[in-house]
Protein chains: 2
Amino acid sequence: MNSNLTLKKKLVESGYSLTSQREEVYTELIENASAHMTAEEIFIKLSQRHLRIGLSTVYRTMSIFTNIGITDKVDFDDGMSRYELVEDFSGNSHRHHHLICLGCGRVEDAFDDLMEDLEKDVLEKFSFNIIDHSVKMYGYCADCSKKQDKN
Amino acid sequence: MNSNLTLKKKLVESGYSLTSQREEVYTELIENASAHMTAEEIFIKLSQRHLRIGLSTVYRTMSIFTNIGITDKVDFDDGMSRYELVEDFSGNSHRHHHLICLGCGRVEDAFDDLMEDLEKDVLEKFSFNIIDHSVKMYGYCADCSKKQDKN
DNA sequence: ATAGAGAATGAGATTCATTCTCATTTTACA
DNA sequence: TGTAAAATGAGAATGAATCTCATTCTCTAT
């Protein structure tokens, strides 16, 4: 399949090989693309499918994937690291912004259009050249906002 | 002193009392206002001053301070939580943005002026009401940018 | 295709930040 | 001032993530 060719290319050009375990983890990420899974969740899902993999290997794989730009490591302050696929890992893709609902805990992904202005501003005021950024917004999603209004 | 009156007020109105330990921690935060200290760093600094305090108490205190809005808990991806004083914890103060230098590791604090546009945008597109946000910018500070240019 | 070198795996041990427990001390208020 | 409730601190416990090392797999040169 096409996407696994891209995976292999990306791994090989960074000096890694495409093993069955790395392929399984990648497939799991694709099939749960909006899930922000933890290493342990990936491990459990693969085990349920009777795919033999060790938890250490999942952690190692996520570390490699993140280092070579296949995934982003994200943190929603619940004590575990989570991972999401980088949208288009051949080019310079934008990192997601996360809208974290304080009501129901759901996490929505949002893209950033206005960040460019902010980056220019930071460069001017601080002489700081931004390479990447992580933006988390805490608030109330549409559903929870409605529920709040009723009370 | 004036600021400790504010500390007491804030604690009492949330149902806590002002103990000597909480006062010591607060003083330490004031004196290292730009330091983004970990609980353990606070513990060590206080111990060096021969102020008797337990590490658990520091953790508990930071948890309370953060819950009632005296401090913000910040995370620079080094495996430890760090804390910074909220600028003006009687009013609605802006949270800091952090400029994290990938070269030297230094962390600068920046305020947000342009975030309001971004918040409006998120409200329109996602019906998501933002209460708070956390923004981390990774890049190169003025010094490290210069060094890079030379190479 | 095959051998051999180096990379990858996995089970379990280890680490380390943080939280919990509970006996003791301190604080607030009647 | 006495007492109930809150806070403290030493050490135990927790749990995510990393490390170890013997075994297995992958890739390349022949």
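We name chains A, B, ... by the order of the sequence lines, and we start the count at 1 in each one.
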message: At 4.0 Å (heavy atoms only), tell me whether A/Ser63 reaches a base, stays on the sugar-phosphate, or touches nothing.
response: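 Nothing, no heavy atom under 4.0 Å.
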query: Within the structure shown, what part of the strands sits under 4.0 Å from B/Thr38 by heavy-atom distance: base, sugar-phosphate, or nothing?
result: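 The residue B/Thr38 makes no contact with any strand.
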Residue mapping more 5' on DNA chain C - nearest nucleotide basis, B/Ser20 or B/Asp78: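 This one resolves to B/Asp78.
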Between [N] atom [atom2] and [X] atom [atom1], what is the distance in whole Å?
X: A/Asp77; N: C/dA17; atom1: CG; atom2: P; value: 19 Å
X: B/Met62; N: D/dA7; atom1: CE; atom2: P; value: 16 Å
X: B/Ile64; N: C/dT19; atom1: CD1; atom2: P; value: 12 Å
X: B/Phe65; N: D/dA7; atom1: CZ; atom2: P; value: 12 Å
X: B/Leu11; N: D/dA7; atom1: CG; atom2: P; value: 9 Å
X: A/Glu24; N: D/dC25; atom1: CD; atom2: P; value: 13 Å
X: B/Leu18; N: D/dA7; atom1: CG; atom2: C1'; value: 12 Å
X: A/Met37; N: D/dA16; atom1: CE; atom2: C1'; value: 17 Å

Ion pair check, A/Arg82 and A/Glu41, cut-off under 4.0 Å: yes
task: Determine, for A/Arg49 against A/Glu28, whether the closest basic-nitrogen to carboxylate-oxygen distance falls under 4.0 angstrom.
output: yes
- prompt: Is it the case that A/Asp77 and A/Tyr138 place a side-chain donor and acceptor less than 3.5 Å from each other?
  reply: yes
Donor on one side chain, acceptor on other, A/His98 and A/Asp109, under 3.5 Å: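 Result is yes, a qualifying pair exists.
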query: If Ile, Leu, Val, Met, Phe, Trp and Tyr residues are connected whenever their side-chain heavy atoms lie under 4.5 Å apart, and connections chain through other members, are A/Val74 and A/Ile100 in the same group?
result: yes
Among [options], which nucleotide has an atom closest to any side-chain atom of [X]?
X: B/Thr57; options: C/dT9, D/dT8, C/dT18; answer: D/dT8
X: B/Gln21; options: D/dG9, C/dA17, D/dA7; answer: D/dG9
X: B/Arg22; options: D/dT8, C/dA17, C/dA28; answer: D/dT8

Can you pull every protein N or O that's under 3.5 Å from an N or O on nucleotides 10-14 of chain D?
residue : atom : partner : partner atom : Å
D/dA10  : N7   : B/Ser56 : OG           : 3.4
D/dA10  : N6   : B/Ser56 : OG           : 3.2
D/dG11  : O6   : B/Ser56 : OG           : 3.1

- request: Please determine if a side-chain N or O atom of A/Tyr59 lies less than 4.0 Å away from the OP1 or OP2 oxygen of D/dA17.
  value: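 Yes, within the criterion.
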field: Below 4.0 Å: OP1/OP2 of D/dA6 and any side-chain N or O of B/Thr19
entry: no
- prompt: What about A/His36 and A/Phe76, are their ring centers closer than 6.0 Å?
  reply: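 Yes, ring centres under 6.0 Å apart.
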field: NZ/B/Lys136: more than 12 non-hydrogen atoms of other groups inside 6.0 Å
entry: yes
